[in-house]
Amino acid sequence: MSRNIFDYIIEDRLPFFWCEGCGNGIILKSIAQAFADLELDQKNIVVVTGIGCWGKADDYLKTNCLHVTHGRALAAATGVKAVNPKLKVVVLMGDGDGLTIGGNHFIHAARRNLDLTAIVSNNFNYGMTGGQYSGTTPEDSFTLY
Ligand SMILES: Cc1ncc(C[n+]2csc(CCOP(=O)(O)OP(=O)(O)O)c2C)c(N)n1
């Protein structure tokens, strides 16, 4: 059966709430396209999100979703995968979420190597709270904060 992005994205919720020029919508569309290409059943996908602009991605998805505390998405996803390894567990994190406040969980998730799919939307700053520096902000650069 051929699938398309609207098997995974809730069309009624469009447009996305992200700001004009933000790449998050393009990333989410690409993820939905990947789900379609792999012909994944929505029931077998669990998308785990943290907090932040990118953490809102689950608002638009028809898959199972788990929206958890800032920096802890990989920890929650580890629990989901440990209980049911057959699930396709996809973890969506901002750079602040995944690599800064969540930096330790990132290291331990890599060490455990449980076959989670971790996707970091790296906008090089803490977007939702106004542009504070994150762990990926390039040295000597300025954000709008
Ligand atoms: C424990 C905790 N600390 C701080 C916050 C405040 N907070 C909410 S979103 C956010 C920044 C998110 O930035 P990032 O993860 O890079 O995602 P983006 O918004 O850029 O997509 C912060 C610091 C929070 N919600 N919880």
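Whatever order the structure lists them in is the order used to number ligands and atoms, beginning at 1. All heavy atoms count here, side chains included; hydrogens, waters and symmetry mates do not. Just so we're clear, the structure is a prediction, and the values are computed from it rather than from any experiment.
- Annotation for L87 and K43: closest pair CD2-O, 4.3 Å, computed over non-hydrogen atoms.
- Listed as neighbours of ligand 1 are I51, G52, C53, W54, H70, G94, D95, G96, D97, I101, N123, N125, Y126, G127, M128, T129, each bearing a heavy atom under 4.0 Å from the ligand.
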Side-chain atoms of residues 11-27: list all donor-acceptor pairs with protein atoms under 3.5 Å, sequence neighbours left out, distances to 0.1 Å.
from	atom 1	to	atom 2	distance (Å)
R13	NH1	D59	O	2.4
W18	NE1	C53	O	2.8
N24	OD1	S121	OG	2.7

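- Among residue pairs with one or both ends in residues 28-38, those qualifying as side-chain hydrogen bond (donor to acceptor under 3.5 Å, both in side chains) are Q33-D37; sequence neighbours excluded.
- In this structure a side-chain-to-backbone donor-acceptor pair under 3.5 Å is present from T137 to F124.
- Distance check, rounded to the nearest 0.5 Å: CZ of R3 to CG of L38 gives 10.5 Å.
- Annotation: side-chain hydrogen bond (donor to acceptor under 3.5 Å, both in side chains) contacts involving residues 70-81, sequence neighbours excluded, comprise H70-D97.
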